[in-house]
There are 2 protein chains.
Amino acid sequence: MSLAHALLTSLLEKSSSGYDLARRFDKSIGFFWRATHQQIYRELARMEQAGWISSEAAPDGGRTRKKLYSVKPAGRRELKRWAREPAPMVELRDELMVRLRADAVVGPLGLEAEIERRAALHIEKLAAYRAIEARDFPEGSELSREARIQHLILKTGIMYEASWAAWSREALAVLRETAGD
Amino acid sequence: MSLAHALLTSLLEKSSSGYDLARRFDKSIGFFWRATHQQIYRELARMEQAGWISSEAAPDGGRTRKKLYSVKPAGRRELKRWAREPAPMVELRDELMVRLRADAVVGPLGLEAEIERRAALHIEKLAAYRAIEARDFPEGSELSREARIQHLILKTGIMYEASWAAWSREALAVLRETAGD
DNA sequence: TGCTCCATGTAACACGTTACATGATTGC
DNA sequence: GCAATCATGTAACGTGTTACATGGAGCA
């Protein structure tokens, strides 16, 4: 149940509405944890039920239905408790591997185009992350603990995309070898 | 729905029972696609319903309840059809990133031990994969297309574990920096 | 006899996805 | 006036997880 905890973290940084959270999840947090707005609304309702967060009408004089959520002490405690639990390992789980194995068994299926498509997406993401890094974490800058951790998270994304971009090149080389069919 | 297709691939390599498949998924295929026995039984039932596979009692004279599944032509066609579809990108999705961000917000939580635990697991897996590589794909050997693809898949696992092992070292360094709290 | 492994399954639940619905506000 | 965006939600479904159940086979 870590969507709840991702939301708690986000709300601690800034009290927000479900809608705002959904949009923020398309950016920073969304680099490593995606969620749709339906998921977020459902989870916020549960968290309020559990007493981790409270909501109030947004301070706009009732012009909108917007609700502002903020973290209660119990929510903060819960986040700390959870963060110390062992984190399940993320295992490699990729449909493309299943497809490659299928290709090996039922003959060449022309997966090259698909791999090229993915390579392009990885390179695109990589460039985006590197741009953010250059902007937010310029070389030689002194950073707070919080900023250093945020930088680490960004570098994780960079490592991830760079690895898969490199993998794509190797996979294409293997599929294009003509010898030994 | 790629569990079905992973099972089809497996069954094409060798007709098997659900139990056998579950055990094989703990090995080779399980490097990149895990499944519990319940999932496998449920999926096999559906696949038989769909006419992709057929089952017969194992040739042991009715001593066991074992069922042998084999792929029908429709199943082979379905596998080929599916393998050509675009494969959804695997996105980075890691609870540890959520925990790191929580650590940045609600103060040092001592995640170092957790990261060390994971580093050890990655290194262990890496060693296991490298041993398999040395055994099955010795240097300088000529390989068939099928074997080259299997080697590629194994190298994917190696890349993956090596990347995360290296990441763990960097993450520990960041968390252990004392300056600038 | 009792233990472990073989072999298959039911049931309930958690989580994520997709489709659909509603109504208000903002900008052209 | 109309479209896009804001803002929240219901419903149904697919997949994966966990717990529990059943019964035979092989072995000490």
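What you see is a predicted model, and the numbers here were worked out from it, not measured in a lab. Residue numbering restarts at 1 for every chain, and letters A, B, ... go by the order of the sequence lines.
When rounded to the nearest whole Å, the span between CD of Gln39(B) and P of dT10(C) equals 15 Å. Distance CD (Glu43(B)) to C1' (dT15(D)): 9 Å, rounded to an integer number of Å. Note: CG (Asp20(A)) to C1' (dC6(D)) measures 10 Å, nearest angstrom. Atom-to-atom, OH of Tyr41(B) to P of dA21(D) comes out at 18 Å; the value is rounded to the nearest Å. Atom CD1 in Ile40(A) sits about 15 Å away from atom P in dC15(C), given to the nearest Å. Here the C1' atom of nucleotide dG16(D) and the CG atom of Leu7(B) are 14 Å apart, to the nearest Å. Rounded to a whole Å, the CD atom of Gln38(B) is 17 Å from the C1' atom of dG14(D). Residue Leu44(B) contributes atom CG, which lies 13 Å from atom C1' of dA7(C) at whole-angstrom precision.
Listed for the Ser144(B) side chain is a donor-acceptor partner under 3.5 Å among the backbone atoms of Ala147(B). Formation of a donor-acceptor pair under 3.5 Å by the Ser16(A) side chain with backbone atoms of Lys14(A) is found in this model. With hydrogens and angles ignored, the 3.5 Å screen pairs no side-chain donor or acceptor of Arg34(A) with any backbone N or O of Leu92(B). A side-chain donor-acceptor contact under 3.5 Å links Arg148(B) to the backbone of Val174(A).
Both Ala35(A) and Ser17(B) lie close to DNA chain C; mapped to their nearest nucleotides by heavy-atom distance, the more 5′-ward contact belongs to Ser17(B). If you find the closest nucleotide of DNA chain C to Thr36(A) and to His37(B), the one lying nearer the 5' end belongs to His37(B).
Between Lys67(B) and dG9(C) there is a side-chain N or O to OP1 or OP2 distance below 4.0 Å. Taking 4.0 angstrom as the limit, Arg65(A) places none of its side-chain polar atoms (N or O) nearer than this to OP1 or OP2 of dT25(C). OP1 and OP2 of dC5(C) both lie 4.0 Å or more from every side-chain N or O belonging to Arg23(B). Phosphate contact (OP1/OP2 of dT8(D), side-chain N/O of Tyr19(A), threshold under 4.0 Å): absent.
Between the side chain of Arg42(A) and the base of dG16(C) there is at least one donor-acceptor pair of N/O atoms closer than 3.5 Å.
Across dA7(D), dG16(C), dC15(C), the shortest atom-to-atom separation from the side chain of Trp33(A) is found for dG16(C).
Taking the six-membered ring wherever Trp is involved, the centroid distance between the rings of Tyr129(B) and Phe31(B) falls below 6.0 Å.
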